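Input: a single structure, listed below in structure tokens.
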Amino acid sequence: MTPEKQLTRSAPSTVQATVISTALLTVPTPGRDFTDLTSEAAKFINEARARDGALTLFIRHTSASLTIQENADPSVLVDLTTALSRLAPENAGWTHDTEGPDDMPAHIKTMLTGTSLQVPVLNGKLALGTWQAIYLIEHRSRPHRREIVLQFIGSNQ
């Protein structure tokens, strides 16, 4: 028998979605790396005068992805890069290698990590946890220009 857990939940709040704000964020990447997008997302929320709702981020590529991960210890990002490389190594004999040996592994890594995120917005702020940040993950070895659609849906009152 497990001990009883003490769960708590705030009372539900309701807002009428009256605003849809959209922007396109273009990010130059240095090659395989994590790029922190948190401050750009927060700036967008501020400029949209967002109050309560949801921010959706969508990357318009198949060889780069988005994730929410720890922002306190940089070794987390190093270990995540290592794990992704082990899951989809470049030398695994992939048949799709039109753009180089990192092409197919990049597609696999994107499939594993995802192309979109949704972050709640509460009282005009991203409702991320203390150690969370929004990252673009570049899976290709050479630099690229990546496009991310930012869209807030909710209330600005």
Side-chain angles (χ1 to χ4, degrees), residues 5-85 87-88 99 102-157:
K5 295 180 182 180
Q6 296 296 321
L7 301 177
T8 61
R9 179 179 53 80
S10 66
S13 63
T14 303
V15 297
Q16 185 172 353
T18 57
V19 173
I20 299 175
S21 297
T22 306
L24 183 64
L25 176 63
T26 303
V27 181
T29 66
R32 192 172 292 120
D33 201 6
F34 283 73
T35 301
D36 189 339
L37 303 179
T38 312
S39 63
E40 285 297 325
K43 186 189 299 184
F44 169 72
I45 290 301
N46 185 50
E47 289 173 0
R49 295 189 177 108
R51 179 78 180 144
D52 292 301
L55 170 65
T56 299
L57 298 94
F58 176 78
I59 190 163
R60 298 169 64 172
H61 304 278
T62 60
S63 58
S65 58
L66 299 170
T67 193
I68 294 175
Q69 268 301 331
E70 179 176 329
N71 65 355
D73 184 350
S75 68
V76 169
L77 303 180
V78 172
D79 288 344
L80 289 171
T81 300
T82 300
L84 288 170
S85 293
L87 290 169
E99 296 179 39
D102 66 339
D103 192 17
M104 189 62 216
H107 293 302
I108 294 168
K109 293 169 188 177
T110 296
M111 184 176 70
L112 293 171
T113 51
T115 57
S116 67
L117 298 171
Q118 189 170 44
V119 180
V121 176
L122 302 173
N123 296 316
K125 304 287 181 201
L126 297 170
L128 293 169
T130 302
W131 308 114
Q132 289 183 317
I134 301 166
Y135 292 99
L136 180 159
I137 312 170
E138 177 60 66
H139 300 299
R140 301 299 304 273
S141 58
R142 63 181 173 82
H144 283 79
R145 291 180 61 78
R146 302 302 191 173
E147 294 181 345
I148 295 108
V149 177
L150 304 171
Q151 188 170 66
F152 171 76
I153 299 175
S155 171
N156 62 354
Q157 303 193 20

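Keep in mind it's a predicted model, so treat the numbers as computed, not measured. Only this structure's heavy atoms are used, side chains among them; waters, hydrogens and symmetry mates stay out.
Side-chain atoms of D102 come within 3.5 Å of backbone N or O of S141 as a donor-acceptor pair. Under the 3.5 Å distance criterion, the side-chain polar atoms of T29 are matched with a main-chain donor or acceptor of H144. Between the side chain of S65 and the backbone N or O of T113, no donor-acceptor pair lies under 3.5 Å. Checked by atom type and distance alone, the side chain of T67 never pairs as donor or acceptor with a backbone atom of Q69 at under 3.5 Å. Distance alone, capped at 3.5 Å, is enough to place a donor-acceptor pair between the Y135 side chain and the E70 backbone. Checking side-chain atoms of H107 against main-chain N and O of T62 turns up a donor-acceptor pair under 3.5 Å. Using modelled atom types, one side-chain atom of D52 and one backbone atom of N123 make a donor-acceptor pair closer than 3.5 Å. Without hydrogens or angle criteria, Q16 side chain to T18 main chain gives no donor-acceptor distance under 3.5 Å.
With a 4.5 Å cut-off on side-chain heavy atoms, R142 and E99 count as touching. Annotation: side chain of L117 is not in contact with side chain of T56 (no heavy-atom distance under 4.5 Å). Proximity of I108 to L87: side-chain heavy atoms (C-beta onward) are nowhere separated by under 4.5 Å. V19 is not listed as a side-chain neighbour of I153, based on a closest heavy-atom distance of 4.5 Å or more. The side-chain heavy atoms of T35 and L37, taken from C-beta on, include a pair separated by under 4.5 Å. Between I59 and L136, the closest side-chain pair of non-hydrogen atoms falls below 4.5 Å. Under the 4.5 Å side-chain criterion, counting only non-hydrogen atoms from C-beta, Q132 is not in contact with T130. With contacts defined as side-chain heavy-atom distances shorter than 4.5 Å, the pair V149/L57 does not qualify.
Nearest heavy-atom pair, A127 versus L122, reported as atom, atom and distance to 0.1 Å: CB-CD1, 3.8 Å. Across all non-hydrogen atoms, the minimal contact from N156 to R49 is CB-O, 2.9 Å. Closest of all the heavy-atom pairs between K109 and A88 is CE-O, 3.6 Å. For the residue pair V121 and A50, the shortest heavy atom distance occurs at CG1-CB, 4.3 Å. The heavy-atom pair separating P143 from P30 by the smallest distance is CG-O, 3.8 Å. Pairing each heavy atom of I134 with each of T38, the nearest pair is N-OG1, 2.8 Å.
Of the charged side-chain nitrogens involved, at least one lies within less than 4.0 Å of a carboxylate oxygen, so that R140 and D103 count as a salt-bridged pair. Taking the charged nitrogens against the carboxylate oxygens, E147 and R60 do have a contact shorter than 4.0 Å, which makes a salt bridge.
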Yes or no on side-chain contact (heavy atoms from CB on, under 4.5 Å) for F34 and T81, after CA distance, side-chain angles and deciding distance? CA-CA 9 Å; F34 283 73; T81 300; 3.3 Å; yes

Walk me through it: do Q151 and I20 pass the test side-chain contact (heavy atoms from CB on, under 4.5 Å)? CA-CA 7 Å; Q151 188 170 66; I20 299 175; 3.7 Å; yes

Worked check of side-chain contact (heavy atoms from CB on, under 4.5 Å) between L24 and I148: CA-CA 6 Å; L24 183 64; I148 295 108; over 6 Å; no

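Summarising the geometry, atom OG belonging to S63 is positioned 14.0 Å from atom CE belonging to M111; distances are rounded to the nearest 0.5 Å. Rounded to the nearest 0.5 angstrom, S21 OG and L55 CG are separated by 10.5 Å.
Here ring pair (Phe, Tyr, Trp, His ring centres under 6.0 Å) pairs that include residues 41-63, with residues two or more places apart or in two chains, number zero.
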